[in-house]
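Working notes, structure below.
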Amino acid sequence: MERLQKVIAQSGITSRRKAEELIKDGKVKVNGKIVTELGTKVNEKDAIEVNDKLIYKEEKEYYLINKPRGVITSTSDDKNRKIITELIQTESRIYPVGRLDYDTTGALLLTNDGEFSNIMMHPKNKIDKVYLAKIKGIIKGEQIEKLKAGVIVDNEKLQASRVKLKKVNPEKNTSMVEITIHEGRNHQVKRMFESVGFPVEKLTRERIGIFNIQDLKSGEYRKLTPKEVAIVYSLKK
Ligand code: URA
């Protein structure tokens, strides 16, 4: 049994808040009867009508894509740039789980399952977000320790749970660093490296939780398996 407003919102026709208004306004029927009480419980067999139209529960869909550079992580863009949902063929109203910057590449999940999305994003679930960053300059142990201890940027404490120096290129004056974080603040990795004096030149997310992009070329995507979805649900704290 689920709450009526939740089921309406999950059908994709409107938000939960608007669904609540529709219920209060007497626009929703359950099995032919108008229901105005918020929180009324319904099950799969109940026929739900909104403005006299039957609604259907949208099947849940889950995708992993290797996001290319030059694509925005959004479902629309007022500047007419390419958006991530254009790359996936589906009729469902999927949306990205968190964000990657326009110029960041790598592992990105998309779904129409709000609960799945919340589990992946909530810091309390400590889901690894593993990035490979090419930074300008040769980073030292001292700065790596600072990133692990946490840096304060714009009054926010940003912390890495792991930092590994993978390679340095003294001729080009660059370093490759793998950094793992559990939050997903705006431009978090770039701001962290910037704060210790190393601008990020290139950023790729290699893995998010159990999902890595090793088998996907840039722009390629695949559906998650039911087992993978179940694993994510099992991570909920
Ligand atoms: N951190 C960033 O700075 N950018 C991203 O796209 C993701 C994490």
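In what follows, every heavy atom counts, from backbone to side chain, and hydrogens, waters and symmetry copies are set aside. In listed order, ligands and their atoms are each counted from 1. In this chain, numbering begins with 1 at the start of the sequence shown.
Within ligand 1, counting atoms from 1 as listed, the ones closer than 4.0 Å to a heavy atom of L203 are 1 (N), 2 (C), 3 (O), 4 (N), 5 (C). Listed by number with element, the atoms of ligand 1 under 4.0 Å from a non-hydrogen atom of K190 are 2 (C), 3 (O). Contact atoms of ligand 1 toward Y131: 7 (C), 8 (C) (distance under 4.0 Å to a heavy atom of the residue). Interface of D101 with ligand 1, defined as ligand atoms under 4.0 Å from a residue heavy atom, comprises 2 (C), 3 (O), 4 (N), 5 (C), 6 (O).
Crowding of K27 atom NZ: a count of heavy atoms from other residues, nucleotides or ligands under 6.0 Å not exceeding 12.
Ion pair R222/D215 not flagged as a salt bridge, since none of the NZ, NE, NH1 or NH2 atoms sits closer than 4.0 Å to an Asp/Glu carboxylate oxygen. Between E21 and R17 there is a salt bridge, since a side-chain N of the basic residue sits under 4.0 Å from a carboxylate O of the acidic one. Between E194 and K190, no side-chain nitrogen of the basic residue sits less than 4.0 Å from a carboxylate oxygen of the acidic one, so the salt-bridge criterion is not met.
Scanning the protein heavy atoms around atom 1 (N) of ligand 1, the nearest turns out to be V189 N, 3.0 Å.
Annotation: T104 places an N or O atom under 3.5 Å from an N or O atom of ligand 1; distance criterion only. Where the criterion is an N or O separation shorter than 3.5 Å, residue side chain and backbone included, H187 meets it with respect to ligand 1.
Under the side-chain contact (heavy atoms from CB on, under 4.5 Å) criterion, K18 pairs with T14, S15, not counting sequence neighbours. M120 meets the side-chain contact (heavy atoms from CB on, under 4.5 Å) test with V97, L109, F116, I127, I208, F211, V232; sequence neighbours excluded.
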